[in-house]
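Shown next, in structure tokens, is the structure this report addresses.
Both backbone and side-chain heavy atoms feed into the values below; hydrogens, waters and symmetry mates do not.
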Amino acid sequence: MSQTAASPLKTTGVNFLIEENTRLHHTNDYENGHLIVRRGQEFKMKVTFNRELNNNDEVTLKLRIGEKEEEDESSGTYLYLNTRSQRNDEPWHAKICATTGKECLIVVSSPADAIIGKYLLNVVTGNDIDTLRQNIFYILFNPWCKADSVFMPEENKKAEYVLSDNGYLYTLGNKNGIYQRPWLYGQYEKDILDCCMFLLDESQLKLNDRRDPVKISRAMSGLINMEEDNGVLHGKWGTSYEGGTHPLEWTGSVLMLQTYYGTKKTVSYAQSWVFSGVLTTVMRCLGIPTRSVTTYHCAHDTQDNISIDVYYDEKGERMKHSDFIWNFHLWNEVWMKRPDLPEGYDGWQVIDGTPPEKSKVTGIVQCGPASVKAIKQGEVGHRYDTMFVFSEVNADQVSWRMKEVNGEKKFIKYNTDTRSIGRNISTKAVGKDTREDITNQYKFPEGSQEERDAMKTALSYVKSPSGTEAFYPSSFKADFELGVQEQKPLWPGQPIDLNIVVQSKSSGAWTVDLYASCHLESYTGRLETKLATVHQTFQAAGKTAVLIPLKVAADVYMNKLTSSEDELLIKVNIFADVKETSQNLAKQVALIFQTPPLELKMPETAKIHENFTCEVIFKNILSIPLENCKLCVEGLGIFPVRTFNHRLVPPGGIITSKIQCAARKTGDKAVVAKLNSTQVKGVNEVKSIKITA
């Protein structure tokens, strides 16, 4: 044997073959610089030594989980993979599959339940340990692996719920229109993966718990907000947003997560769509299929009785001590198996990063994962927070109105509405820039026997006071239908011109005593200002519609609209007492102001690193000037957030903002523009561009 062959074997280089491995593991878009792989799937690496490898040379891979070096190697943070063992029955294993000169090709296999996180690899050869290089790689969840608990079989769904880095969040809407807000998730951008690894460390989860998407998703729902710890986002509603960024100005998750990771301090400010957008980014970055979901007319059950009590005064104005109903609310769904639940509750699970209240399970502000299938069946006894989410989408709304009875003011129960809570549950459609209505995944058709059976099942879990039975409301068939008709489009600065519609659905003669009120409120249901009331008693005969006008001058509401930093909507409350049948009817209708459009101009295609112009044009088509206009524009893989401030845009005025840019990544990229002003908020536009090599 030669002297060279007999010399101690030492490692001189490790090549993780990043381009090949990341392509096979669907991780090639991450801007990280290190190897990123998915568990349950092999990856290859080349190791270079100081001499040719002999058959009796020892080559062992030493893996350390996490960045903290433990003195006790029995702590579970270390793995040793003997490349010579030829055993494939171990959860982790490695083998040398080829040697060429001083190089050898090693194939490493991880189990489908490997710990998610950051790993450090050293090559051990005899008494030599390669410690000179930081051979870092990351292990993520693997929806492409059948044995992984987040396995998702459909390729188009994985493309949407794991790989897609942009999409839509659904916000303010009413019966006639649901508005989509573009959002850039940006899970591949610089520092985002490392921020997620930092959050895993902050979660205080034990190492073995980092295998489990149930535990990780629950932990992340709590860490995304700052209520109990130094979480990512500071939620704020209805007050000044000084000292931070207004929730309406964010174009996506990237800047928030990069700022948080760089400073390790909570970022201000967020509301439900921001919490949901950022949580989607974090979960997709870790490899768990995730989508943002919006529920309209979303209830907050404060008494755990699956009933929402709303109180009104004599004029039909809502009173402050009511349970509150959000006009819309966003949360997330994550896809996974649920071995901790009875069979049948796998699939989509609700998690919520918005801090409405503390979890009944842990006492901290986190929510989920709650099985969507369990919610639909009314099986609200299953963890986590399933009863709370069931109430958000399927509670019964009880309307109480103050009336004078025998000289004494009392609250009279008008009706129990079993249909109004949880409407138009929405998410982005797979592979399309359109909305998918998923209400039927949360509940059976309203009023159907299956839906009422699910409610009975849910109510069986309600703890009633003094041992009484949980109240189970029965619905009745009303002879009238209440509604609102817009006479003119609702533009800021123009009068509000509405008709209250009372539609008789049966023949006969009726005496109807009607009260209607109109006010401005926030999307969370917070009353901002009262605008107008109407009281009219009229006769109706046969199947007819009676129209009662309700008008509000622009100067009545504009001061409040401009002084509020939040988006406000119009809420109309209608009450009708039918003398002949003693029916008490109630209806609430939300209406939104229209906004001028943004125009986004740029080429349909461009080459990587080739300069092109992105131009944003806004014309004020309103009759009022717009003050303090602020435009935010962001293009994933093209340019970071750019901000343009314009002090005043008069009626008919046009502002143009140009960005000279060049893409640093190939593929279909999205540019999002958002404009806010004192008078008009939440103006959005998005456009895609194809970047080629």
Inset, instruction - Return yes if a side-chain donor-acceptor contact under 3.5 Å exists between Asp352 and His329, otherwise no. - result: yes

Legend entry - Test: Arg39 cationic atom under 6.0 Å from Phe141 six-membered ring centre, within 45° of axis: no

Legend entry - Asp165 with Arg284: basic N within carboxylate O range, under 4.0 Å: no

Inset, instruction - May I ask you to check whether Thr251 and Glu634 show a side-chain donor-acceptor distance below 3.5 Å? - result: yes

Inset, instruction - Check the pair Leu24 / Gln41 against side-chain contact (heavy atoms from CB on, under 4.5 Å), numbers first and verdict last. - result: CA-CA 9 Å; Leu24 294 172; Gln41 183 176 343; 4.2 Å; yes

Legend entry - Close side-chain approach of Val680 and Ser677, heavy atoms under 4.5 Å: yes

Inset, instruction - Could you go through the side-chain hydrogen bond (donor to acceptor under 3.5 Å, both in side chains) check for Trp237 and Tyr523 one step at a time? - result: CA-CA 10 Å; Trp237 291 262; Tyr523 87 93; 3.0 Å; yes

Legend entry - Any side-chain heavy-atom pair of Lys44 and Glu20 under 4.5 Å: yes

Inset, instruction - Taking the six-membered ring for Trp and the full ring for Phe, Tyr or His, determine whether the centres of Tyr296 and Tyr170 are under 6.0 Å apart. - result: no

Legend entry - Arg218/Asp385 salt bridge by N-O under 4.0 Å criterion: yes

Legend entry - Contact check, side chains of Tyr78 and Lys62, non-hydrogen atoms, under 4.5 Å: yes

Legend entry - Intermediate values then yes/no, side-chain contact (heavy atoms from CB on, under 4.5 Å), Trp335 and Phe151: CA-CA 8 Å; Trp335 178 271; Phe151 171 67; 6.0 Å; no

Inset, instruction - Can you measure from CD1 (Ile425) to OG1 (Thr427) and round to the nearest 0.5 angstrom? - result: 11.0 Å

Legend entry - SB check Glu249 Lys630 (cutoff 4.0 Å): yes

Legend entry - Atom pair CZ/CG of Arg210 and Leu286 - distance to nearest 0.5 Å: 10.5 Å

Legend entry - Flag for Thr77-Arg64: side-chain donor and acceptor within less than 3.5 Å: no

Legend entry - Interatomic distance, Trp183 atom CH2 to Thr281 atom OG1 [nearest 0.5 angstrom]: 8.0 Å

Inset, instruction - Determine, for Glu160 against Lys428, whether the closest basic-nitrogen to carboxylate-oxygen distance falls under 4.0 angstrom. - result: yes

Inset, instruction - Output yes when Lys665 and Glu189 qualify as a salt bridge under the 4.0 Å nitrogen-oxygen rule, no when they do not. - result: yes

Inset, instruction - From the options Cys298, Ser276, Ser221, Ser292, select the one residue that forms a side chain to side chain contact (heavy atoms under 4.5 Å, CB included) with Trp331. - result: Cys298

Legend entry - Distance-only polar pair, side chains of Tyr168 and Asn684, donor-acceptor under 3.5 Å: no

Inset, instruction - Establish, from distance only, whether the side-chain atoms of Ser688 and Asp668 form a donor-acceptor pair under 3.5 Å. - result: no

Inset, instruction - Answer whether the closest heavy-atom distance between the side chains of Asn32 and Tyr138 falls below 4.5 Å. - result: yes

Inset, instruction - Return yes if a side-chain donor-acceptor contact under 3.5 Å exists between Asp340 and Tyr384, otherwise no. - result: no

Legend entry - Salt-bridge contact Lys157-Glu154 (side-chain N to carboxylate O under 4.0 Å): yes

Legend entry - Presence of salt bridge, Lys337 and Asp212, under 4.0 angstrom: no

Inset, instruction - To the nearest 0.5 Å, tell me how far Ile288 CD1 sits from Asn332 CG. - result: 11.0 Å

Legend entry - Any donor-acceptor N or O pair under 3.5 Å, side chains Arg291, Tyr161: yes

Inset, instruction - Please examine the side chains of Leu233 and Met256, heavy atoms only from C-beta on, and report whether any two atoms are closer than 4.5 Å. - result: yes

Inset, instruction - Determine whether more than 12 heavy atoms belonging to other residues, nucleotides or ligands lie under 6.0 Å from atom NZ of Lys46. - result: no

Inset, instruction - Answer yes if the ring centres of Trp348 and Tyr442 are under 6.0 angstrom apart, and no otherwise. - result: no

Inset, instruction - Report yes if the side chains of Glu615 and Met602 come closer than 4.5 Å at any heavy-atom pair, otherwise no. - result: no

Legend entry - SB check Arg664 Glu31 (cutoff 4.0 Å): yes

Inset, instruction - Taking atom types as modelled, find out whether Trp326 and Thr295 have a side-chain donor-acceptor pair closer than 3.5 angstrom. - result: no

Inset, instruction - Salt-bridge test for Arg181 and Glu567: reply yes if a basic N is under 4.0 Å from a carboxylate O, no otherwise. - result: yes

Legend entry - Pair Phe137 and His34, ring centroids less than 6.0 Å apart: no

Inset, instruction - Hey, could you give me the CZ/CD1 distance between Phe16 and Ile136, rounded to the nearest 0.5 Å? - result: 9.0 Å

Legend entry - Any side-chain heavy-atom pair of Ile659 and Thr613 under 4.5 Å: no

Legend entry - Where Ser253 and Tyr185 come nearest, the two heavy atoms and their spacing: CB-O, 3.6 Å

Inset, instruction - Please tell me if the side chains of Ser149 and Arg211 come closer than 4.5 Å, counting only heavy atoms from C-beta onward. - result: no

Inset, instruction - Classify the side-chain pair Gln349/Glu333 by whether it contains a donor and acceptor separated by less than 3.5 Å. - result: no

Legend entry - Shortest non-hydrogen contact between Lys674 and Trp250, atoms and distance: NZ-O, 2.7 Å

Inset, instruction - Please round to the nearest 0.5 Å and tell me the distance separating atom CG of Leu626 and atom CG of Asn676. - result: 11.0 Å

Legend entry - Distance-only donor-acceptor check, side chains Thr439 and Asp437, under 3.5 Å: yes

Inset, instruction - Taking the six-membered ring of Tyr261 (Phe, Tyr or Trp), confirm whether the NZ or CZ of Lys264 is under 6.0 Å from its centre and within 45° of its axis. - result: yes

